[in-house]
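Below: one structure, written as structure tokens.
Predicted model only: the values in this text are computed from it and were never measured.
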Amino acid sequence: MKRRIRVGVLFGGRSGEHEVSLLSAQSVIRALDKTKYEVIPIGITKEGRWLTRGDPMKALTGGAVTMADLIGTEPVVEPESAAPLARAERRELIPGVHADGIPQVDVIFPVLHGPFGEDGTIQGLLELADIPYVGAGVLASAVGMDKVVMKDIFRAHGLPVARYIVVFRREWERDLEGVMERVEREIGFPCFVKPACLGSSVGVSKVKRREELPAALAEAARYGRKMLVERAIPSPREIEVSVLGNEDPIASVPGEVIPAGEFYDYAAKYLDDRTQLVIPAPLEEELAERVRALAIAAFRAIDACGMARVDFLLSRETRELVVNEINTIPGFTAVSMYPRLWEASGLPYPALLDRLIELALERYADRRRDAISYEGLTWLSALHDRRAREEDDGGPSTR
């Protein structure tokens, strides 16, 4: 009998999206097929402490949710002779550091939104530890997290983006008046002020008048040293597309978010049940195909793999369409747009998780093909040894 794949679900984390991560992880753990996968919960506290023993979900939710709630109490019986998967003997999550409390895993499913989870840091750790993982690599994760660099790359690839500038926290603290003048001159009002490296609309403000700008900058500056200020698209519709794949990504049907408030902020996403998700989005066929093509182009522009959700803004007044951002670890609750779009496209939630794990193992196998030594160095070493012998013999041979 083939052993179940051990999936380490990584959740929590040191970011303002800690609570969102817990919700996403609960949905992922519930939906994973327990006949195929053995779920290994790995929690990270807000202080950065790793929880690898006991019940990390219970610890991080204050007992409100336990692993027994998520996976059920009926065990799956397996023979002790079940053969392990390739490289399942790994006992180190951090190379060189042995810890009995760190479980063996075959693949990690990171459900860490925001900094220290979606920004390439955990991906770099997993690369060092030589462990397969779901989702984008180090570079794409870092680019996808930094809205300024992301938009720079989108613009370099010819993708439509709203006009934007970057403001640094130290610049704002030293010269608020100068920053306000630059925003007014280069962007105008209304505009949005956002932390450059955070998701889930945390710290985002819509600024309609100059006098509202200081408070918006102060709010965004709470979450990081870099802020994005961009032009507000007039009367926007919020369109989202899910992308799935590695070298040959595919796009879901587009969906539309109709927020309860003026824009799709944190409360509208997770707290206000008046927010509507319309799937598929009511778009003309030609426009829907353009949105899907742009989503794949954005995915490829940052060299993403596995999964991503690409968000667009479409003006009702001017019909202007812009790429707003790409999320490399999108929300994964049962009601989140990413899985719901795939459900509408014919890929149910459990099958989506299967495919993401397949893509992670596929990408890992491909990465294992990379050479880690240069054959030319062997030739150079041999040349060096020959010259050393010739010198010992009194100089190079004339024969």
Checklist entry - Out of curiosity, R14 CZ to I44 CD1, how far, rounded to the nearest 0.5 Å? => result 9.5 Å
Item to check | Student check: side-chain heavy atoms of I329 and Q123 closer than 4.5 Å | outcome: yes
Checklist entry - Hey, are the side chains of L359 and C305 touching, using non-hydrogen atoms and a 4.5 Å cut-off? => result no
Checklist outcome for this item: Closest non-hydrogen contact found for N324 with K194 is OD1-NZ, 3.4 Å
Next on the checklist: Under the rule for side chain to side chain contact (heavy atoms under 4.5 Å, CB included), what residues qualify as partners of D152, not counting sequence neighbours?
Outcome noted: V148, R155, Y164
Checklist entry - side chain to side chain donor-acceptor pair (under 3.5 Å): which pairs involve residues 165-174, sequence neighbours left out? => result E171-R182
Checklist outcome for this item: Quick note, salt bridge (Lys or Arg N to Asp or Glu O under 4.0 Å) partners involving residues 241-260, not counting sequence neighbours, are R237-E256
Checklist entry - Should side-chain heavy atoms under 4.5 Å link Ile, Leu, Val, Met, Phe, Trp and Tyr, which residues sit in the same cluster as V278? => result I258
Checklist entry - Does the side chain of L244 reach to within under 4.5 Å of the side chain of L356, using non-hydrogen atoms? => result yes
Only pairs under 3.5 Å count here: list side-chain donor-acceptor contacts from residues 186-193, not counting sequence neighbours, and write none if there are none.
none

Checklist outcome for this item: Rounded to the nearest 0.5 Å, the CG atom of D55 sits from the OG1 atom of T61 at a distance of 7.5 Å
Next on the checklist: Which heavy atom of S336 sits nearest to which heavy atom of T333, and what is that distance?
Outcome noted: OG-OG1, 2.6 Å
Next on the checklist: Out of the candidates R4, R3, R6, only one should pair with D106 under the side-chain hydrogen bond (donor to acceptor under 3.5 Å, both in side chains) rule; please name it.
Outcome noted: R3
Next on the checklist: Tell me whether L313 shares a hydrophobic cluster with V241, the cluster being built from Ile, Leu, Val, Met, Phe, Trp, Tyr side chains joined at under 4.5 Å.
Outcome noted: no
Checklist entry - What about Y338 and V9, same hydrophobic cluster or not, with Ile/Leu/Val/Met/Phe/Trp/Tyr joined at side-chain heavy-atom distances under 4.5 Å? => result yes
Checklist entry - Does R363 pair with D366 as a salt bridge, N-O distance under 4.0 Å? => result no
Next on the checklist: If I take atom OG1 from residue T328 and atom CE from residue M307, how far apart are they, to the nearest 0.5 angstrom?
Outcome noted: 7.5 Å
Item to check | salt bridge (Lys or Arg N to Asp or Glu O under 4.0 Å) contacts touching residues 334-356 (sequence neighbours left out) | outcome: K36-D354, R355-E358
Checklist entry - Where do W342 and I250 land on the side-chain contact (heavy atoms from CB on, under 4.5 Å) test, with the steps shown first? => result CA-CA 11 Å; W342 281 119; I250 58 175; 3.6 Å; yes
Item to check | Rounded distance [0.5 Å steps], OG in S315 versus CD in E317 | outcome: 5.0 Å
Checklist entry - Are R49 and E47 close enough for a salt bridge, meaning some N to O gap below 4.0 Å? => result no
Item to check | Distance in Å, Y364 OH paired with D130 CG, rounded so as to fall on 0.5 Å steps | outcome: 3.5 Å
Checklist outcome for this item: All heavy atoms of I131 vs all of V105, minimum pair found to be CG2-CG2, 4.1 Å
Checklist entry - Below 4.0 angstrom, N of the basic side chain to O of the carboxylate: do E230 and K147 qualify? => result no
Item to check | side-chain contact (heavy atoms from CB on, under 4.5 Å) between M145 and V143, worked out | outcome: CA-CA 5 Å; M145 191 77 253; V143 170; over 6 Å; no
Item to check | Atom pair CD1 (I279) and CE (M337), whose distance is rounded to the nearest 0.5 Å | outcome: 5.0 Å
Next on the checklist: Does V310 form a side-chain contact (heavy atoms from CB on, under 4.5 Å) with V323? I'd like the steps, not just the answer.
Outcome noted: CA-CA 7 Å; V310 184; V323 183; 4.0 Å; yes
Checklist entry - Counting distance only, does the side-chain N/O of S345 pair as donor-acceptor with the main-chain N or O of L341 below 3.5 Å? => result yes
Checklist entry - Are any of the side-chain heavy atoms of L287 and L314 separated by less than 4.5 Å? => result yes
Item to check | Verify same cluster id: V111, V65 (apolar side-chain graph, 4.5 Å) | outcome: yes
Next on the checklist: So which atom in A301 and which in L159 form the shortest heavy-atom distance, rounded to 0.1 Å?
Outcome noted: CB-CD1, 4.4 Å
Checklist entry - Are any of the side-chain heavy atoms of L277 and E240 separated by less than 4.5 Å? => result no
Checklist entry - Are L321 and I326 connected in a single hydrophobic cluster, I mean Ile/Leu/Val/Met/Phe/Trp/Tyr linked by side-chain heavy atoms less than 4.5 Å apart? => result yes
Item to check | Sub-4.5 Å side-chain heavy-atom contact between W50 and L10 | outcome: yes
Side-chain donor/acceptor pairs under 3.5 Å, residues 216-228, sequence neighbours excluded:
from: E219; atom 1: OE1; to: R222; atom 2: NH1; distance (Å): 3.2
from: E219; atom 1: OE2; to: R222; atom 2: NH1; distance (Å): 3.4
from: K226; atom 1: NZ; to: D146; atom 2: OD1; distance (Å): 3.3
from: K226; atom 1: NZ; to: D146; atom 2: OD2; distance (Å): 2.6

Checklist entry - Which pair of non-hydrogen atoms, one from E211 and one from P214, has the smallest distance, and what is that distance? => result O-CD, 3.5 Å
Next on the checklist: When you compare the side chain of D311 with that of E238, does any pair of heavy atoms fall below 4.5 Å?
Outcome noted: no
Checklist outcome for this item: Contacts of P350 meeting side chain to side chain contact (heavy atoms under 4.5 Å, CB included) (sequence neighbours excluded), chain-then-number -> P348
Which pairs would a plain distance check flag for residues 133-141, meaning a side-chain donor or acceptor within less than 3.5 Å of a matching protein atom at least two apart in sequence or in another chain?
from: Y133; atom 1: OH; to: E127; atom 2: OE2; distance (Å): 2.7
from: S141; atom 1: OG; to: A136; atom 2: O; distance (Å): 3.2
from: S141; atom 1: OG; to: G137; atom 2: O; distance (Å): 2.6

Checklist entry - salt bridge (Lys or Arg N to Asp or Glu O under 4.0 Å): which pairs involve residues 281-290, sequence neighbours left out? => result E284-R319, E289-R292
Next on the checklist: Are I153 and V149 packed together at the side-chain level, in the sense that at least one heavy-atom pair is separated by less than 4.5 angstrom?
Outcome noted: yes
Item to check | Exercise: identify the closest heavy-atom pair between A360 and V107 | outcome: CB-CG2, 4.0 Å
Next on the checklist: Can you confirm whether more than 12 heavy atoms, excluding those of R210, are under 6.0 Å from its CZ atom?
Outcome noted: yes
With a cut-off of 3.5 Å and sequence neighbours excluded, list every side-chain donor-acceptor pair involving residues 23-31.
from: S24; atom 1: OG; to: V20; atom 2: O; distance (Å): 3.4
from: S24; atom 1: OG; to: H113; atom 2: NE2; distance (Å): 2.9
from: S24; atom 1: OG; to: F332; atom 2: N; distance (Å): 2.9
from: Q26; atom 1: NE2; to: L22; atom 2: O; distance (Å): 3.3
from: S27; atom 1: OG; to: A334; atom 2: N; distance (Å): 3.1

Checklist entry - Looking only at atom types and distance, does a side-chain atom of S252 sit under 3.5 Å from a main-chain N or O of S242, one as donor and one as acceptor? => result yes
Next on the checklist: Set out, in order, the CA-CA distance, both residues' side-chain angles and the distance that settles side-chain contact (heavy atoms from CB on, under 4.5 Å) for I122 and I108, then state yes or no.
Outcome noted: CA-CA 10 Å; I122 195 69; I108 288 283; over 6 Å; no
Checklist entry - Taking only residues two or more places apart in sequence or in another chain, which ones pass side chain to side chain contact (heavy atoms under 4.5 Å, CB included) with P249? => result V243, I296, F299, R300
Checklist entry - Should L70 and I5 be regarded as members of a common hydrophobic cluster, given that ILVMFWY residues are connected when their side-chain heavy atoms come within less than 4.5 Å of each other, either directly or indirectly? => result yes
